2 protein chains.
Amino acid sequence: MQEIYGMPGHLIRRAHQISGALFAEEVGEHDLTSVQFSALFAIRAYPGVDATRLSALIAFDRSTLGGVLERLEAKDWIVREPAPADRRAKRLRLTPAGADLLQEVEGPVRRVQEKLLAPLSPADRATFLRLAAQLADLHNEVTPAPIRRAMVG
Amino acid sequence: MQEIYGMPGHLIRRAHQISGALFAEEVGEHDLTSVQFSALFAIRAYPGVDATRLSALIAFDRSTLGGVLERLEAKDWIVREPAPADRRAKRLRLTPAGADLLQEVEGPVRRVQEKLLAPLSPADRATFLRLAAQLADLHNEVTPAPIRRAMVG
DNA sequence: CGTTGAAAGTCAGTATGCGTTCTTTCAGTG
DNA sequence: CACTGAAAGAACGCATACTGACTTTCAACG
């Protein structure tokens, strides 16, 4: 079993599992998941994005994002208004309630990140983040790569 | 958006996403997921385990594991036989086909792990694994912790 | 030996995550 | 301006994940 415990794939799955558990612990009472938080955050940063660009921004699968946006809309945190120039696209915006919620949870979300890295020494935290970012960035071909400097908004 | 891109939670989600994509690329043709591979591997290491101990060994949610085992059984890779001493439990074993498959995919699975870490220098790979293991180990309270030295088999 | 609390599995409900397909709409081309 | 290929969403199917409830069975205890 040591083979599995040492596999990067297994360790990454565990880290993801832990990340989700911590997020639920700190933010779950707001009825918000980490995925939904990322979507709200990105919509605030780029008011009026369409779903496809949003999916690229935060590296979500397009199909998955549909359901996420549906739930956010049902909770009255975002609206999907038709784009004037393109009748296929729908522009996404936060509602006042969505903006309020986002502000409320930013503290708790920061705490999640701190708790997540708490087992590492401060120096190791920086190293871990650097290596994780490097790993993700250099694998942008295999998954929906984020558009860092997209022509959005 | 830089805030999100630098969050450990986001980076870990990306790493998990990439890991899954690489696994599908290398092993997907065998109709096997990374989750199913872990289960098969652990069952081979501990023939006769029950589902609850298996879930602890590989850090799976117990409810989730039910469906995974069902699919493995449907593909004739494992059998669930009633435990003689405890009529609640079902002992898990590989079928010959399951054992064959596992051997077949071990090479490809190793390649997945190598590709996953390929963006890092050899020294950084070791560091990343060490830190990820440390992070996972020291968070064992918040999620189903693996029983490293369980009294199984 | 009967009661009781816990363990093993299952099931229902909700939320991702990804592949595939289909419709609608657009944009470039001849 | 008709045609074609591509883009944007929506919808369907499968596979995790996890919570909570429920049944069956066991084991410990008085």
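Residue numbers start from 1 in every chain, and the chains themselves are labelled A, B, ... in the order their sequence lines are given, proteins ahead of strands. Atom set for the values below is all heavy atoms of this structure, side chains included, hydrogens, waters and symmetry mates excluded. None of these values were measured; they are calculated from a predicted model.
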task: Report the distance from atom CG of B/D31 to atom P of D/dA15, rounded to the nearest whole Å.
output: 7 Å
field: Spacing between A/L72 atom CG and C/dT14 atom P, to the nearest angstrom
entry: 16 Å
message: Between the side chains of B/E26 and B/R111, is the shortest nitrogen-to-carboxylate-oxygen separation below 4.0 Å, so that they form an ion pair?
response: yes
query: What is the distance, rounded to the nearest whole Å, between atom CG of A/D61 and atom P of C/dT16?
result: 13 Å
message: Using whole Å, what does the distance between atom P of nucleotide C/dT14 and atom CZ of A/F23 come to?
response: 20 Å
- request: Give me the ring orientation class for A/H16 and B/H16: parallel if the planes are under 30° apart, tilted from 30 to 60°, perpendicular past 60°.
  value: parallel
Ring geometry between A/F128 and B/F128 (parallel below 30°, tilted from 30 to 60°, perpendicular above 60°): parallel
- prompt: Looking across every strand, which nucleic acid part, if any, lies under 4.0 Å from B/T33 by heavy atom: base, sugar-phosphate, or nothing?
  reply: sugar-phosphate
message: Without decimals, in angstroms, what is the distance between B/F60 CZ and D/dT16 P?
response: 8 Å
query: Sequence neighbours excluded, which residues qualify as salt bridge (charged side-chain N to carboxylate O under 4.0 Å, His left out) partners of A/E73?
result: A/R80
query: For the pair made of CG in B/L32 and P in D/dC14, what is the distance, rounded to whole Å?
result: 18 Å
- prompt: Does a donor on one side chain and an acceptor on the other come within less than 3.5 Å for A/Q113 and A/R110?
  reply: no
message: Which residues pass the salt bridge (charged side-chain N to carboxylate O under 4.0 Å, His left out) test with B/R62, not counting sequence neighbours?
response: none
field: Whole angstrom value for the distance that separates C1' of D/dT16 from NE2 of A/H16
entry: 11 Å
message: Between P on C/dC11 and CG on B/L69, what's the gap in Å once rounded to a whole number?
response: 13 Å
- request: Select one nucleotide: of C/dG17, C/dA15, D/dA15, the one nearest the side-chain heavy atoms of A/Q36.
  value: C/dA15
field: A/S34 vs A/A85, nearer the 5' end of DNA chain C by closest nucleotide
entry: A/S34
statement: Reading nucleotides 6-12 of chain D from 5' to 3' and marking B where a protein heavy atom lies under 4.0 Å of the base, S where only the sugar-phosphate is that close, and - otherwise, the string is -BSSSB-
- line: Picking from C/dG17, C/dC26, D/dC18, the nucleotide nearest the side-chain atoms of A/R87 would be C/dC26
message: Does this structure show an ion pair linking A/K90 with A/D50, if we count only N-O contacts that are shorter than 4.0 Å?
response: no
